[in-house]
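Here is the structure we will look at.
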Amino acid sequence: MRVTGIEEISRSRSRVYIDDEFAFVLYKGELRLYHVAVGEEICQKDYDDILNQVLPKRAKLRAMNLLKNREYTVKQLHDKLKDGGYPEKVIETALSYVAGYHYTDDLRYATGYIFDKECSRSRRRIEQDLRERGIDRDTLEKAWQEWEEQGGSQDEMQMILKLLEKRHFDPDTADMKEKQRTYAFLMRKGFSGEQIGRALRV
């Protein structure tokens, strides 16, 4: 295995390319420690040490530090580590580690998100948001079930009417252009066309 490129990311960190493919990110001191230099061979032992010892330890710490400040879905945490230049194998090790301590829990995240947004976003919009965060269909269904069992409920018509009140919208005096603009606004919120039509009286 030959080091074919070292690309500086910052004053302390660099991307390392082996056999013309991105391999991992190392600190300057680690480059010296493992004799990583362009054109030089990297021995199997050093390569394995980096992948199995150095990077997993760092990825676990990075994941823990991220989770100190806020909760992440598994996908969000995966993407953060990916952006940090960690190889997939190392990312999976870090994700398994934090999951083992229940620091990540997609069902807990989804249920909490539903409770947080239940009064401001439609069910459709909430589900769209959660899917973008990597929540799968089964977890979504379980989250809604937990939400209902804990007393959660939504009245989307009331939510629409409150939004219209905030916008000072009066269906009796609004012209067609204003109604079309408001219709599009409510559609972006995830409300159904039928509910919006009833509220706008169109």
Side-chain angles (χ1 to χ4, degrees), residues 1-117 120-121 125-140 142-143 188-190:
M1 293 179 292
R2 186 178 296 276
V3 178
T4 52
I6 296 176
E7 179 183 295
E8 191 173 273
I9 302 171
S10 66
R11 294 178 65 182
S12 59
R13 300 165 68 239
S14 297
R15 290 176 175 270
V16 177
Y17 294 82
I18 295 176
D19 297 332
D20 295 318
E21 291 188 2
F22 170 68
F24 35 66
V25 171
L26 292 179
Y27 283 93
K28 293 287 179 66
E30 292 162 347
L31 293 175
R32 292 192 296 271
L33 177 64
Y34 291 102
H35 310 291
V36 177
V38 175
E40 297 295 323
E41 293 285 332
I42 182 169
C43 70
Q44 191 66 48
K45 182 181 180 303
D46 287 347
Y47 180 80
D48 291 343
D49 193 33
I50 291 168
L51 277 186
N52 298 324
Q53 301 295 328
V54 176
L55 296 180
K57 181 179 179 181
R58 186 185 304 152
K60 290 173 187 176
L61 288 172
R62 173 62 175 153
M64 294 287 284
N65 284 330
L66 285 167
L67 290 165
K68 279 181 184 177
N69 299 320
R70 51 161 285 197
E71 193 160 13
Y72 286 84
T73 65
V74 173
K75 180 184 182 300
Q76 287 175 319
L77 199 56
H78 174 281
D79 292 348
K80 280 284 187 182
L81 293 173
K82 189 77 173 176
D83 290 343
Y86 292 99
E88 195 64 34
K89 178 183 174 183
V90 173
I91 293 172
E92 293 303 322
T93 299
L95 292 177
S96 295
Y97 176 80
V98 294
Y101 289 96
H102 302 289
Y103 293 138
T104 53
D105 184 328
D106 280 358
L107 178 57
R108 182 181 68 216
Y109 182 100
T111 306
Y113 189 88
I114 292 169
F115 272 109
D116 186 48
K117 305 298 183 184
S120 60
R121 298 187 184 181
R125 175 62 188 276
I126 290 171
E127 290 186 350
Q128 178 185 328
D129 291 346
L130 289 171
R131 282 197 299 270
E132 288 172 357
R133 288 163 169 77
I135 303 297
D136 60 48
R137 184 176 298 279
D138 287 344
T139 303
L140 262 177
K142 289 176 184 175
R188 289 194 297 273
K189 292 285 185 181

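All residue numbers in this chain count up from 1 along the given sequence.
Shown here for Gly134 and Asp106, the closest heavy-atom pair between the two residues is O-OD2, 4.3 Å. Heavy atoms only, all atoms of each residue included: Glu71 and Tyr109 are closest at O-CE1, 3.5 Å. Here the closest heavy-atom approach between residue Arg58 and residue Val25 is recorded as NH1-O, 3.3 Å. The shortest non-hydrogen separation linking Val36 to Ile6 is O-CD1, 3.7 Å. Minimum heavy-atom separation, Leu107 to Ala143: CD1-N, 3.5 Å. Of all heavy-atom pairs between Asp19 and Met1, the closest is OD2-CA, 3.8 Å.
In this structure, Ile50 and Val16 have side chains that are not in contact, with every pair of non-hydrogen atoms separated by 4.5 Å or more.
Under the 4.0 Å criterion applied to side-chain N and carboxylate O atoms, Lys75 and Asp79 are assigned as salt-bridge partners. Contact check on Arg137 versus Glu127 returns no salt bridge, with no Lys/Arg side-chain nitrogen under 4.0 Å from an Asp/Glu carboxylate oxygen. Residues Lys117 and Asp129 are not paired through a salt bridge, judged by the lack of any N-O separation under 4.0 Å between the basic side chain and the carboxylate. Between Lys45 and Asp49, no side-chain nitrogen of the basic residue sits less than 4.0 Å from a carboxylate oxygen of the acidic one, so the salt-bridge criterion is not met.
Rounding to the nearest 0.5 Å places CZ of Arg62 at 14.0 Å from CG of Leu55. The structure places OH of Tyr34 at 13.5 Å from OH of Tyr47, a figure rounded to the nearest 0.5 Å. Note that CG of Leu81 and CD of Glu92 are 10.0 Å apart. Values are rounded to the nearest 0.5 Å. In this structure, Lys60 NZ and Asn65 CG are separated by 14.5 Å, a value rounded to the nearest 0.5 Å. Here CE of Met64 is found 11.0 Å from CG of Leu77. Values are rounded to the nearest 0.5 Å. Expressed to the nearest 0.5 Å, how far OG1 of Thr104 lies from CD of Gln76 amounts to 11.5 Å.
Residue-environment remark: NZ (Lys28) exceeds the threshold of 12 foreign heavy atoms within 6.0 Å. Within 6.0 Å of CD on Glu21 lie no more than 12 heavy atoms contributed by other residues, nucleotides or ligands. Residue-environment remark: CZ (Arg131) exceeds the threshold of 12 foreign heavy atoms within 6.0 Å.
Both the sub-6.0 Å distance and the 45° axial angle are not jointly satisfied by Arg15 relative to the ring of Tyr17.
Listed for the Asn52 side chain is a donor-acceptor partner under 3.5 Å among the backbone atoms of Asp48.
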Do Arg188 and Arg125 pass the side-chain contact (heavy atoms from CB on, under 4.5 Å) test, and can you show the C-alpha distance, the side-chain angles, and the key distance before you say yes or no? CA-CA 8 Å; Arg188 289 194 297 273; Arg125 175 62 188 276; 5.6 Å; no
Next on the checklist: Could you walk me through whether Leu130 and Ile114 satisfy the side-chain contact (heavy atoms from CB on, under 4.5 Å) test, starting with their C-alpha distance in whole Å, then the side-chain angles of each, then the deciding distance to 0.1 Å, before giving a yes or no?
Outcome noted: CA-CA 9 Å; Leu130 289 171; Ile114 292 169; 4.2 Å; yes
